[in-house]
Amino acid sequence: MSLAASPPLQAAGTRCCRRRQRVRPRAARHRVRRDAAGHMGSTMEPPGGGYLHLGAVTSPVGTARVLQLAFGCTTFSLVAHRGGFAGVQGTFCMAAWGFCFALSVLVVACEFTRLHSCLRLSWGNFTAAFAMLATLLSATAAVIYPLYFTRLECPPDPAGCMARDFRLAASIFAGLLFLAYAAEVALTRARPGQVASYMATVSGLLKIVQAFVACIIFGALVHDSRYGRYVATQWCVAVYSLCFLATVAVVALSVLGHTGALGCPFDRVVVVYTFLAVLLYLSAAVIWPVFCFDPKYGEPGRPPNCPRGSCPWDSQLVVATFTYVNLLLYVADLAYSQRIRFVPSL
């Protein structure tokens with residue numbers, strides 16, 4: 001007996017197979033097109049069918065960013081409206097709040113619309129570095145503004161008590177702004193065993209702090225510190241500059257996603273550079289106090305006829321203090337750098 005199927009059954013089976021080939025799952029259906037530049041692109045919709053990412057404002061990190069926008073806008077609005085600011089200190093506070101607010105708007109907008117995928121940046125490194133920098137800037141402004149502008153007594157007219165109330169409110173919101181940025185740093189910081197961007201690790205966050213402390217040192221140096229009197233103090237300035245530039249280069253390579261262009265493992269480069277920075281800062285931590293505060297070269301104590309606010313001795317003390325701060329930061333960075341493995345694709 002033959003096992004071949006009859007002609008009607010063969011025709012039915014052929015039509016069924018053709019029908020199965022024509023039907024495709026809806027989730028896998030997409031069209032490939034070329035843009036004006038000739039690049040291939042896909043029109044397949046993102047999972048869930050939406051282009052807006054609601055988690056950018058509803059997640060814990062998103063909530064912290066929304067609070068940053070609210071507190072930042074409130075703070076500099078209060079100061080600009082009635083609180084007032086003047087001098088270098090007030091200008092710095094307004095510039096810090098404006099800079100943080102503008103970049104926070106950019107981060108939230110890119111996260112909410114998913115446009116960060118179109119930027120040629122390592123987005124995780126960028127947001128982690130910005131959050132740490134904004135934390136330091138907002139903390140500094142939250143200390144400087146009340147210190148120079150906020151008083152419990154009412155200032156003389158025409159400002160009056162209303163200006164005092166606005167300054168007190170601005171100081172409170174400046175503190176809340178710092179807490180909002182610190183919360184984002186705490187939420188996004190890499191945990192042990194977690195795969196994360198380099199700037200979200202302790203070593204990456206310390207890079208931002210090191211660069212910030214170096215900026216404080218530079219500010220004290222240019223404020224009549226008399227560092228040009230000796231070759232030894234000029235060596236210290238060279239140390240601060242070299243380490244600052246190297247730190248900024250490491251941060252820039254991480255944020256731009258070009259760490260693979262070094263030709264050798266990035267984590268090894270970071271460890272070697274940090275070890276050299278420890279040695280350089282150690283030399284500056286010894287040389288600077290000797291040539292500024294030893295009786296043979298400088299003043300061991302503050303001169304009595306030196307006016308406050310424009311005394312070279314004060315600037316030298318600030319440089320010495322933050323030299324030791326940065327030395328400790330580089331030592332801690334060296335300890336953490338040996339325990340991480342960098343993942344360049346994040």
- Task: Heavy atoms only: give me the nearest F99-L133 pair and the separation to one decimal.
- Result: CE2-CD2, 4.1 Å
- Task: For residues T127 and R65, determine if any side-chain heavy atom of one lies less than 4.5 Å from a side-chain heavy atom of the other.
- Result: yes
- Task: Taking the side chain as every heavy atom from C-beta outward, state whether F166 and V79 have any atom pair closer than 4.5 Å.
- Result: no
- Task: Measure the shortest side-chain to side-chain distance between C243 and Y281 over non-hydrogen atoms and say whether it is less than 4.5 angstrom.
- Result: yes
- Message: With a 6.0 Å cut-off on the ring centroids, do F85 and Y145 count as close?
- Response: no
- Please confirm whether Y198 and F266 have ring centers closer than 6.0 angstrom. yes
- Non-neighbouring partners of F126 that pass ring-ring contact (aromatic ring centres under 6.0 Å, His included), sequence neighbours left out: W123
- Message: Counting C-beta onward and ignoring hydrogens, is there a side-chain heavy-atom pair between V251 and I208 closer than 4.5 Å?
- Response: yes
- Item | Student check: side-chain heavy atoms of V209 and V213 closer than 4.5 Å | yes
- Message: Quick check on side chain to side chain contact (heavy atoms under 4.5 Å, CB included): which of C311, P312, S315 does H223 satisfy it with?
- Response: S315
- Task: Kindly determine whether L69 and F101 satisfy side chain to side chain contact (heavy atoms under 4.5 Å, CB included), including the steps that lead there.
- Result: CA-CA 6 Å; L69 296 178; F101 178 77; 4.0 Å; yes
- Looking only at non-hydrogen atoms, find the nearest pair between A128 and L205 and report the distance. O-CD2, 4.1 Å
- Query: Of all heavy-atom pairs between V61 and E184, which one has the smallest distance, and what is that distance?
  - Reply: CG1-CG, 4.2 Å
- Do the side chains of V271 and F275 join up, straight or via other hydrophobic residues, at under 4.5 Å, putting them in one cluster? yes
- Item | Single-linkage hydrophobic cluster, 4.5 Å side-chain cutoff, V143 and F71 together | no
- Task: Please say whether more than 12 non-hydrogen atoms of neighbouring residues, nucleotides or ligands are located less than 6.0 Å from CZ in F112.
- Result: yes
- Message: Does Y330 have more than 12 heavy atoms from other residues, nucleotides or ligands lying within 6.0 Å of its OH?
- Response: yes
- Item | Centroid-centroid distance, F244 to F218, less than 6.0 Å | yes
- Message: Using every non-hydrogen atom in the two residues, find where L221 and V319 come nearest and quote the distance to one decimal.
- Response: CD2-CG2, 3.9 Å
- Task: Verify whether one side chain among S203 and D333 offers a donor that lies under 3.5 Å from an acceptor in the other.
- Result: yes
- Message: Suppose we call two aromatic rings close when their centres sit under 6.0 Å apart. Are W235 and Y230 close by that rule?
- Response: no
- Task: Check step by step if side-chain hydrogen bond (donor to acceptor under 3.5 Å, both in side chains) holds for S104 and Y181.
- Result: CA-CA 10 Å; S104 292; Y181 280 113; 2.6 Å; yes
- Query: Are S122 and V255 side-chain neighbours, meaning at least one heavy-atom pair lies under 4.5 Å?
  - Reply: no
- Query: Got more than 12 heavy atoms from elsewhere within 6.0 Å of CZ, R229?
  - Reply: yes
- Message: What I'd like to find out is whether the side chain of R189 reaches to under 4.5 Å of the side chain of V202, using heavy atoms alone.
- Response: yes
